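This one's a predicted model, so the numbers in the text were calculated from it and none came from an experiment. Each chain gets a letter, A, B and so on, in the order its sequence line appears, and its residues count up from 1.
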2 protein chains.
Amino acid sequence: MPEATTRSLKQAGLKVTLPRMRILELLDSAEDHHMSAEDIYRGLLQAGDDIGLATVYRVLTQFETAGLVTRHHFDGGTAVFELDVGDDHSHIVCMKSGAVAEFTDEIIEQRLNEIATELGYQLTNYNLVLYGIKQSS
Amino acid sequence: MPEATTRSLKQAGLKVTLPRMRILELLDSAEDHHMSAEDIYRGLLQAGDDIGLATVYRVLTQFETAGLVTRHHFDGGTAVFELDVGDDHSHIVCMKSGAVAEFTDEIIEQRLNEIATELGYQLTNYNLVLYGIKQSS
DNA sequence: ATAAATGCAAAGACTTTGCAGCGGC
DNA sequence: GCCGCTGCAAAGTCTTTGCATTTAT
């Protein structure tokens, strides 16, 4: 039983229950770790767990509040979640395959702060998603 | 009757009907021209028009397809629409008042293209929203 | 006249919530 | 044993769709 997982939950003030452990593990182990609630739900079922969709949503919302996961709305329709490892990155989504890659960039960060300041805002947060075509390798 | 409005509709291959005219006019005249379908619906009612919410959604979707308006999902919950005047800007949203300002920036544009290329993508589009606090004046 | 557009109500997708029972500490 | 957690089903949002009627050309 993953020690780190247990610790994360306790630190978040959440009881260490089976559904919460499984969801954390699944998010951690998934190749593309950006998953919708439905993705997670089906993944759990396939893994033999019997966890309700409502619980998945509830747990994810709690995790988000606790800062364990981040919620994204790439398309607007369905939300996707990913483990928050504190590195606060942006995303680039392939319009063909749907694959998601991540990046951070100092130049962008710096310039966004300048822009906000110029416009009279104190920047607290931002959301940047690129859409493109992945060049065939 | 606004000539430009009529022309836009015709160019888009859409019949010039009252609901479509009114919606275009409302989007054009609104102070903060970022409006949800519900906003528009209520605005029309207040103006004395009798137009169904379903029609508002249908018309907005058609306008989006025709390139007359753009749909945004700032919060993820509700979509907001704005007239597309071709200048393709980013947004900064005040977390207190909800006010939305717009900007474009060459440095950002250029850097995003570089980033996409570096990652092996051909950039087709991007979505950038800043969240901040507007400094009191 | 004809094909398209509208309004209403019903259905859909996604997400949240109420409540009785189960489970961790 | 207590309080929180889960599952299920029902309710909630936001948005789309089916169908009979109205409307623009």
Could you tell me whether a side-chain N or O of R20(B) sits under 3.5 Å from a main-chain N or O of K15(B), the two making a donor and an acceptor?
-> yes

What's the NE2-P distance between H72(A) and dC14(C), to the nearest Å?
-> 18 Å

Given dT6(D), dT6(C), dT15(D), which nucleotide is nearest the side-chain atoms of L53(B)?
-> dT15(D)

Can you check whether E25(A)'s main-chain N or O pairs, donor with acceptor, with D28(A)'s side chain at less than 3.5 Å?
-> no

Which residue, A37(B) or L18(B), contacts DNA chain D at a nucleotide closer to its 5' end, judged by nearest heavy atom?
-> A37(B)

Only one of E64(A), H33(A), Q62(A) passes side-chain contact (heavy atoms from CB on, under 4.5 Å) with V69(A); say which it is.
-> E64(A)

Ignoring backbone atoms, establish whether R20(B) has a side-chain N or O less than 4.0 Å from OP1 or OP2 of dA24(D).
-> no

N/O donor-acceptor pair under 3.5 Å between S97(B) side chain and C94(B) backbone = no

Walking DNA chain D from its 5' end, the first of D50(A) and L14(B) to be reached, judged by nearest nucleotide, is D50(A)

Of the candidate nucleotides dT6(C), dT15(C), dT16(D), which contains the atom at the shortest distance from the side chain of V59(B)?
-> dT6(C)

What nucleotide, of dA3(C), dG4(D), dG7(C), holds the atom closest to the side chain of K15(B)?
-> dA3(C)

Among dC5(D), dT17(D), dT25(D), which nucleotide sits nearest the side chain of K10(B)?
-> dT25(D)

Any T17(B) side-chain N or O less than 4.0 Å from OP1/OP2 of dT6(C) = yes

Base, sugar-phosphate, or nothing for I51(A), non-hydrogen atoms under 4.0 angstrom?
-> sugar-phosphate

Compare side-chain N and O positions of T61(B) against OP1 and OP2 of dT15(D) and report whether any pair is under 4.0 Å apart.
-> no

pair M35(A)-F81(A): side-chain heavy atoms closer than 4.5 Å | no

Length of the line joining M21(B):CE and dT23(D):P, which is rounded to integer Å | 16 Å

Do the side chains of E82(B) and H91(B) get nearer than 4.5 Å, heavy atoms only?
-> yes

For H73(A) and dT15(D), what is the distance between atoms NE2 and P respectively, to the nearest whole Å?
-> 13 Å

Give a yes/no answer on whether the side chain of R58(A) brings an N or O atom under 4.0 Å of OP1 or OP2 in dT17(C).
-> no

Write down the distance between CG (L45(A)) and C1' (dG7(D)), rounded to a whole number of angstrom.
-> 13 Å

With heavy atoms under 4.0 Å as the rule, sort T78(A) into base, sugar-phosphate or nothing.
-> sugar-phosphate

Is Y57(A) near enough to dT15(C) that one of its side-chain N or O atoms lies under 4.0 angstrom from OP1 or OP2?
-> yes

Atom-pair distance (CZ on R71(B); C1' on dT16(D)), nearest Å = 10 Å

Over how many whole Å does the gap from L60(A) atom CG to dT15(C) atom C1' extend?
-> 11 Å

Rounded distance in Å - CG (D49(B)) to P (dT23(D)) = 14 Å

Would you mind reading off the distance between M35(B) atom CE and dC14(D) atom C1', rounded to a whole angstrom?
-> 17 Å

